[in-house]
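Counting starts at 1 for both ligands and their atoms, in listed order.
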Amino acid sequence: SASSDEKDLVIIGGGVAGYVAAIKAGQEGLNVACIEKRGVLGGTCLNVGCIPSKSLLNNSHLYHQILHDTKNRGIEVGDVKLNLANLMKAKESSVSGLTKGIEFLFKKNGVEYIKGEGSFVNEHEIKVALNDGGETSVKGKNILIATGSEATPFPGLEIDEKRVITSTGALSLEKIPESMLVIGGGIIGLEMASVWSRLGTKVTVVEFLGQIGGPGMDTEVSKTIQKLLKKQGLEFKLNTKVLSGDASGEKVQLNVDSVKGGKEETLDAETVLVAIGRRPYTAGLGLENIGLETDERGRVIIDSEYRTKHPHIRSVGDVTFGPMLAHKAEEEAVAAIEHIKKGHGHVNYAAIPSVMYTHPEVAWVGQSEQDLKNQNIPYRVGTFPFSANSRAKTNLDTDGLVKMLADPETDRLLGVHIVGPNAGEMIAEGTLALEYGASSEDIARTCHAHPTLAEAFKEAAMATHGKAIHF
Ligand code: FAD
Ligand code: NAI
């Protein structure tokens with residue numbers, strides 16, 4: 001049994017943070033075990049996050065496009081029918097293909113996969129309540145806490161994942177609701193609102209702030225995407241707070257008011273999606289048994305080398321500080337293993353891209369205009385609209401723009417903000433430029449293939465010097 005030997009590393013959680021750390025540790029020759037209680041590897045991202053949401057976004061977009069955007073392309077289609085069960089099956093097959101792939105990679109890299117819930121007995125020993133019944137225990141010279149996050153509940157509204165749902169329910173509804181209210185106009189709210197609205201649901205998004213998109217989205221970009229989503233049929237109530245909810249009647253009711261007050265009203269819908277953020281998940285982990293405290297938001301407290309106050313216990317991913325993104329978790333996982341194995345490792349938190357997979361997509365990296373204003377950092381702006389890009393015109397997909405922010409003295413790139421087709425792929429170039437400390441002129445003088453959407457990226461860089469060619 002596992003109880004006798006001590007591993008070089010025990011990882012609690014098999015999400016992106018945990019499974020990447022496990023594979024990397026295996027590659028580095030560490031004797032490693034990964035404990036996961038879900039019954040499948042891949043965590044939130046693969047099972048109920050990034051992957052299933054992108055499957056539904058992609059296929060609902062295709063459906064919506066076939067319904068509304070083919071005639072003008074010279075394509076005439078007959079009866080178009082949606083088969084929701086098969087849409088969900090396509091999603092499930094993408095998910096299971098990927099989660100099985102991780103199991104294979106575990107085997108390939110000699111990672112021991114323990115299926116069960118891990119809990120600290122002491123600073124080196126973890127007991128595991130096995131999914132198949134019974135218990136085992138495993139000891140680690142090093143331990144990595146990678147237990148991820150969960151949806152933040154809305155007080156007073158009980159989640160049943162059918163009528164009152166989180167993203168998890170929104171990814172597997174069995175019928176298309178006639179109406180949906182979304183609490184929170186952040187990334188989850190807008191991606192899920194897009195899916196169901198395309199399939200025919202009347203969606204209203206209630207957002208506390210004066211803009212949509214959640215933290216970090218540039219205001220100009222946020223306004224642009226809001227207009228486009230509105231054209232697609234989404235309704236928005238901004239500067240509005242949800243006071244309470246009631247799911248006892250035939251419809252779910254929300255009592256809302258303007259943030260300033262005095263505009264109280266009751267909204268109702270068949271389904272309510274709670275999308276007000278996620279919170280770190282440490283329930284049942286037994287942190288109290290090793291004297292580890294979390295901060296006021298429930299995050300495991302770590303230093304710049306991912307160490308808790310017990311230096312051999314580290315933590316990465318959603319359960320600790322920073323943006324709750326899969327690629328951020330992955331970078332941290334690799335860096336943490338490098339710290340353990342080599343004594344050094346690094347993540348550049350200034351160059352982590354964000355993508356919202358609506359249509360068009362929104363993507364950004366680095367600082368927004370408001371960020372720079374708030375810090376009194378001078379900047380130069382260059383924007384280029386996709387309506388002036390030849391490929392976007394060819395594709396009849398011209399909504400959106402690329403916006404680049406650069407230092408007026410040194411011309412160093414400070415931020416890139418894109419709303420437009422394929423923005424999520426295009427942001428990789430901005431991230432690389434930022435990582436390499438490129439100037440906007442470096443980008444402007446780099447040859448980009450024609451006709452591509454990426455030319456809009458180059459021309460936005462040219463525009464920071466007032467020298468775009470096509471606009
Ligand atoms: P998780 O993925 O949450 O994994 C933690 C794992 O630990 C879980 O599987 C859990 O079962 C397990 N666990 C917890 N406690 C224990 C225990 N005591 N014992 C054993 N196992 C335990 N990010 C992106 O970058 N791009 C996207 O497009 C994107 N889309 C998303 C869409 C949705 C709907 C949601 C909800 C999230 C999305 N995210 C996206 C965020 C992304 O899913 C997370 O940032 C990522 O999953 C974090 O990885 P993690 O390993 O830290 O945590
Ligand atoms: P979020 O933090 O992005 O957005 C939550 C929104 O809800 C905010 O705009 C907030 O102002 C609003 N809000 C909070 N309380 C409210 C209330 N009472 N009434 C009205 N509005 C309220 O969180 P979200 O969308 O739940 O996503 C959680 C995490 O998952 C994010 O950190 C995100 O990074 C990650 N994620 C990433 C995706 C991607 O990369 N494409 C996709 C989905 C999720």
Side-chain angles (χ1 to χ4, degrees), residues 11-21 34-54 56-57 114-120 126 128-129 131 145-152 154-155 166-168 170-171 182-192 205-217 222 237-245 254 256 259 273-287 315-320 322-330 332-333 352-358 361-363 424:
I11 299 167
I12 312 174
V16 174
Y19 92 69
V20 170
C34 180
I35 308 167
E36 169 58 61
K37 67 174 178 174
R38 189 184 293 267
V40 218
L41 294 170
T44 304
C45 179
L46 273 76
N47 293 288
V48 288
C50 329
I51 299 302
S53 61
K54 265 80 260 181
L56 294 185
L57 277 157
I114 305 174
K115 296 178 187 167
E117 181 172 27
S119 176
F120 282 99
I126 293 156
V128 186
N131 290 352
I145 301 170
T147 48
S149 63
E150 62 178 353
T152 306
F154 187 85
T166 66
S167 52
T168 299
L171 292 168
V182 178
I183 313 180
I187 304 232
I188 291 187
L190 297 178
E191 287 188 353
M192 291 302 105
V205 177
V206 183
E207 168 59 51
F208 184 83
L209 300 176
Q211 73 174 59
I212 60 167
M217 192 180 286
S222 171
K237 281 187 156 306
L238 302 190
N239 300 305
T240 304
K241 63 183 171 204
V242 178
L243 302 171
S244 62
L254 294 183
V256 306
V259 170
L273 167 63
V274 179
I276 57 173
R278 293 179 63 81
R279 63 182 186 192
Y281 180 80
T282 54
L285 190 55
L287 289 183
S315 182
V316 295
D318 279 12
V319 76
T320 185
M324 289 185 172
L325 295 171
H327 42 280
K328 174 267 192 185
E330 171 162 6
E332 288 186 339
I352 295 178
S354 294
V355 182
M356 179 167 88
Y357 298 82
T358 47
E361 293 178 351
V362 177

Do any nitrogen or oxygen atoms of [X] lie less than 3.5 angstrom from nitrogen or oxygen atoms of ligand 1?
X: G284; value: no
X: E191; value: no
X: L171; value: no
X: Y357; value: no
X: S167; value: no
X: E36; value: yes
X: R38; value: yes
X: L285; value: no

Students should be able to answer this: which protein heavy-atom is nearest to [atom], and at what distance?
atom: atom 3 (O) of ligand 1; result: T44 OG1, 2.6 Å
atom: atom 52 (O) of ligand 1; result: D318 N, 2.9 Å
atom: atom 19 (N) of ligand 1; result: G118 N, 2.9 Å
atom: atom 23 (N) of ligand 1; result: A326 N, 3.4 Å
atom: atom 12 (C) of ligand 2; result: E207 OE1, 3.3 Å
atom: atom 32 (O) of ligand 2; result: M324 CB, 3.8 Å

Given [options], which one has a non-hydrogen atom that is nearest to [atom]?
atom: atom 42 (C) of ligand 1; options: C50, A275, G14; answer: C50
atom: atom 23 (O) of ligand 2; options: G277, G216, S167, G186; answer: G277
atom: atom 36 (N) of ligand 2; options: V259, I188, T152; answer: I188
atom: atom 51 (O) of ligand 1; options: G39, A17, A129; answer: A17
atom: atom 33 (C) of ligand 1; options: G49, G42, A146; answer: G49
atom: atom 5 (C) of ligand 2; options: P323, A275, S354, G214; answer: A275

Please state which part of I183 comes within less than 4.0 Å of ligand 2, counting heavy atoms only: side chain, backbone, both or neither. side chain

Side chain, backbone, both or neither: the part of V319 lying under 4.0 Å from ligand 1 by heavy atom: neither

Counting only heavy atoms, which portion of K54 has something under 4.0 Å from ligand 1: side chain, backbone, both, or neither? side chain

Numbered atoms and elements of ligand 1 in range of [X], under 4.0 angstrom, heavy atoms:
X: G116; value: 19 (N), 20 (C)
X: V48; value: 34 (C), 36 (C)
X: M324; value: 41 (C), 45 (O)
X: G15; value: 2 (O), 4 (O), 6 (C), 51 (O)
X: T147; value: 5 (C), 7 (O), 14 (C), 15 (N), 16 (C)
X: L325; value: 23 (N), 25 (O), 45 (O)
X: C45; value: 2 (O), 43 (O), 47 (O)
X: H327; value: 25 (O)

Y19 to ligand 1, any heavy atom closer than 4.0 Å: no

S315 meets the side-chain contact (heavy atoms from CB on, under 4.5 Å) criterion, sequence neighbours left out, with I145, V300, I302, V319, T320

Who are the side-chain contact (heavy atoms from CB on, under 4.5 Å) partners of T168, not counting sequence neighbours? V48, E161, T166

Please report the shortest heavy-atom distance between K54 and Y357, naming the atom on each side. CE-CD1, 3.4 Å

Within the structure, is a non-hydrogen atom of P215 found at a distance of less than 4.0 Å from ligand 2? yes

